[in-house]
Structure formats: C-alpha cells, structure tokens
Amino acid sequence: MKKSGKSKRIQVVRTVAWRLISELMRRHLDKFGLRVLEMNGPGGEEGLGIFQESGAFPGSPLCRIMLSGEMTILVGGKSKVVPKIENYVDEYLDAPDPSLMVGNIESKLNLPGFKGKFLPSTSPPVLMFRLISGLLERFMMSREDLSPSCGWVERAGGGSHACEELMLFPDISAALGKEIAAGGNKAAAASKYWLLFLRETADGPRKLEMLFDLDGGIHFPGRPESFRNALKTYEVKGRNILPMINELEDYLRNR
C-alpha cells in the first residue's frame, strides 16, 4: 500500500512539473531558445532542467525542477544563497489561478511576464510539450503510470548518455548517425526526442509506447507506418489540442 501511495504522489508531482514546463515553453521557447533536459542528481534524484541555448551544450541553466517537489532557481548562479521554491506542487495547486504560479516562476527566471490576450502561436516543439503534459494529466491518479524520458539524460558527476531506446526507431537512429557524422553534437541531437513509457502497474515493467520528435512528429515503436505529423494534425483540427490528446490517450489505453 505504501508503494502505491508513493507512486500516486510521483504522478501528481510529475504532472504539475510538466504543466509548468509546458506553460513556460509555450510562452518563451521560440523567443528565448529554451531547452528541457532530464537531469538526475548524484543521489539518483529525478528531475528536469530548463536551459537557455547559448554557447556549449546544454546552454545556460535557468532552473532545476526535481520530482521531490522542489524547484531550484539557477539564473545568475553567483549568489551563495540559491533561491528555491520549496514545494512547487502545493504552490501550484493552492494558487487561485495557475497562471499566477507561472508568472511567479517567470519573474524568478528573469523571463518577461505574459501580456496580451493571446499566447504565442504553438510551434512544433511547443506542441510536443503540450501533448506530453496533457497525457500526463489524463493518467494522473490512474493505476497505470505514464512517464516521459528525454533522449539525452544529464547525470551529475558524469555518466550522461543517450537513451538506448532511440535505436528502436531506425529512421531516428539513421538521422542521429548522419547528424553526428556531419559534426553535430550528439547530446543536442538526442535531446530533441522524448520517449513515453507506460507501466500497467506501479511495480510492473515499463513499456515504450511512443516517441515525440520536437520537430513535430510522433513515432510508434515497431510501427514506422504509423508515424504522425503532429503539427499537420493540429492544423487540421483547427489548432485544437484536445482531440489529439483524446486520440493518443485512447491509443495508450486500448493498444
């Protein structure tokens, strides 16, 4: 019973973390060149990092969002006192308007607050983050456990690596090989892919279900013919993301 309770807590934390990331990417990815990476601490703590692309990979760190529920602000990085949000989950859930929490994070990251009636138009990478966030919301508190994993994992103290599951997609594997052979950065190339895994129970093995390419494609392992141009689908559906989340949820629950 304890293990089940812990898994539900992780689901909630992960879902809130991805909702915050999705909103920040939606507002600032295209203008400020933001990048999201999976980051694991020296003690094995799971987390996500947001970087601003500049100089060598991965760029300038903005914040680290841990699945413990803590967010560390890394902008500036010169102060001995590292600013933190001790419990971003409670702060998000308790906010009268979730956008207030997003605005609070924006100010801490030195990103301009959103002004205007409409958010920026959804680009391919932003669409991918929104889809992942939407699916996590659908599976939160479910018996099944859904978890995304970046194609490149940053590990504190060394051991950073590309996910071996990328090799299950021949076209992705070939594209990576071609980019690296041309002098591209392996980490940067692998980091534009996000893999989605599903556990049918909290203790069960995780199974790879799909891959999100930040260029706008969705790939399914062992089914190259089922590749989807997500941005085109989004346009066909009148730029309404809910039908796409519905379809992907239906696929995951009835595969």
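This one's a predicted model, so the numbers in the text were calculated from it and none came from an experiment.
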Inset, instruction - State, yes or no, whether a side-chain contact exists between N87 and E70 at a heavy-atom distance under 4.5 Å. - result: no
Inset, instruction - Please answer: with hydrophobic residues joined when any side-chain heavy atoms are less than 4.5 Å apart, are V102 and L93 in the same cluster? - result: yes
Legend entry - Lys/Arg N to Asp/Glu carboxylate O, K237 vs E247, below 4.0 Å: yes
Inset, instruction - Determine, for F139 and R253, whether the Lys NZ or Arg CZ falls below 6.0 Å from the six-membered ring centre while staying within 45 degrees of the axis. - result: yes
Inset, instruction - Could you check if a side-chain atom of I241 sits within less than 4.5 angstrom of a side-chain atom of T122, using non-hydrogen atoms only? - result: no
Legend entry - salt_bridge(R138, D250) N-O dist < 4.0 Å: no
Legend entry - Donor-acceptor pair, side chain of S133 and main chain of F129, under 3.5 angstrom: no
Inset, instruction - Establish whether I245 and M210 are linked, either directly or via other cluster members, by ILVMFWY side-chain heavy-atom contacts under 4.5 Å. - result: yes
Legend entry - P148 and L136, any side-chain heavy atoms less than 4.5 Å apart: yes
Legend entry - Check: R130 side chain, P125 main-chain N or O, donor-acceptor pair, under 3.5 Å: no
Inset, instruction - Report whether L211 and L168 are members of the same hydrophobic cluster (ILVMFWY, side-chain heavy atoms less than 4.5 Å apart, transitive linking). - result: yes
Legend entry - N104 side chain near Y92 side chain, heavy-atom distance below 4.5 Å: no
Legend entry - Interatomic spacing from CG in L100 to CD in E91 - rounded to 0.5 Å: 10.0 Å
Inset, instruction - Consider only side-chain N and O atoms of S68 and E45, and report whether a donor and an acceptor are under 3.5 Å apart. - result: no
Inset, instruction - Quick one: pull up OG1 in T72 and CD in E86 and give me the separation to the nearest 0.5 Å. - result: 8.5 Å
Inset, instruction - State, to 0.1 Å, how close R199 and G204 come at their nearest heavy-atom pair, and which atoms those are. - result: NH1-O, 2.8 Å
Legend entry - In one Ile/Leu/Val/Met/Phe/Trp/Tyr side-chain cluster, 4.5 Å: L34, L20: yes
Legend entry - Spatial distance of atom CG (L29) from atom CD1 (I21) [nearest 0.5 Å]: 11.5 Å
Inset, instruction - State whether the side chain of R228 and the backbone N or O of G217 hold a donor-acceptor pair below 3.5 Å, judged by distance alone. - result: no
Legend entry - Heavy-atom neighbours of E144 CD exceed 12 at 6.0 Å: yes
Legend entry - W194 ring center within less than 6.0 Å of W18 ring center: yes
Inset, instruction - List the atom of L109, the atom of L62, and the distance in Å for their closest heavy-atom pair. - result: CD2-O, 3.3 Å
Inset, instruction - Begin from the C-alpha positions of K84 and I73 and carry the test side chain to side chain contact (heavy atoms under 4.5 Å, CB included) through to its verdict. - result: CA-CA 6 Å; K84 295 181 179 180; I73 308 302; over 6 Å; no
Legend entry - Stepwise side chain to side chain contact (heavy atoms under 4.5 Å, CB included) test for M167 and F169: CA-CA 5 Å; M167 299 302 104; F169 301 88; over 6 Å; no
Inset, instruction - With sequence neighbours excluded, give me every side chain to side chain donor-acceptor pair (under 3.5 Å) pair touching residues 178-192. - result: K192-D215
Legend entry - Donor-acceptor contact present, side-chain E38 to main-chain L48, <3.5 Å: no
Legend entry - Note, V75 side chain near C63 side chain (heavy atom, < 4.5 Å): no
Legend entry - Verdict with supporting geometry, I218 and D213, side chain to side chain contact (heavy atoms under 4.5 Å, CB included): CA-CA 6 Å; I218 303 175; D213 179 347; over 6 Å; no
Inset, instruction - Kindly state whether the ring of Y251 and the ring of F220 have centres lying under 6.0 angstrom apart. - result: yes
Legend entry - Verdict with supporting geometry, D145 and K8, salt bridge (charged side-chain N to carboxylate O under 4.0 Å, His left out): CA-CA 9 Å; D145 183 53; K8 294 293 183 289; over 6 Å; no
Inset, instruction - Measure across V126 and R26 and return the closest heavy-atom pair with its distance rounded to 0.1 Å. - result: CG1-CA, 3.7 Å
Legend entry - Check: V13 and Y88 side chains under 4.5 Å, non-hydrogen atoms: yes
Inset, instruction - Check L195 against G151 and note the closest heavy-atom contact, atom names and distance. - result: CD1-CA, 4.2 Å
Legend entry - Distance-minimising heavy-atom pair for S121 and D30: O-OD2, 4.4 Å
Inset, instruction - Could you grab the distance from atom CZ of F197 to atom CD of E209, nearest 0.5 Å is fine? - result: 10.0 Å
Legend entry - Euclidean distance, R206 CZ relative to S149 OG, rounded to 0.5 Å: 5.0 Å
Inset, instruction - Validate the cation-pi geometry between R35 and F51: distance from NZ or CZ to the six-membered ring centre under 6.0 Å, angle to the ring axis within 45°. - result: no
Inset, instruction - Could you walk me through whether D94 and M101 pass side chain to side chain contact (heavy atoms under 4.5 Å, CB included), step by step? - result: CA-CA 9 Å; D94 291 342; M101 173 63 174; over 6 Å; no
Inset, instruction - Over all heavy atoms of both residues, which pair between R155 and S160 is shortest? Give the atoms and the distance, please. - result: N-OG, 3.0 Å
Inset, instruction - Flag the pair M244 / Y234 as yes when at least one side-chain heavy-atom distance between them is below 4.5 Å, and no otherwise. - result: yes
Inset, instruction - Consider only side-chain heavy atoms of I, L, V, M, F, W and Y, link residues closer than 4.5 Å, and tell whether L166 and I132 are in one cluster. - result: no
Legend entry - Point-to-point distance, once rounded to the nearest 0.5 Å, from NZ of K108 to CD of E106: 12.5 Å
Inset, instruction - For the residue pair V153 and L37, establish whether any side-chain heavy-atom pair is separated by less than 4.5 Å. - result: no
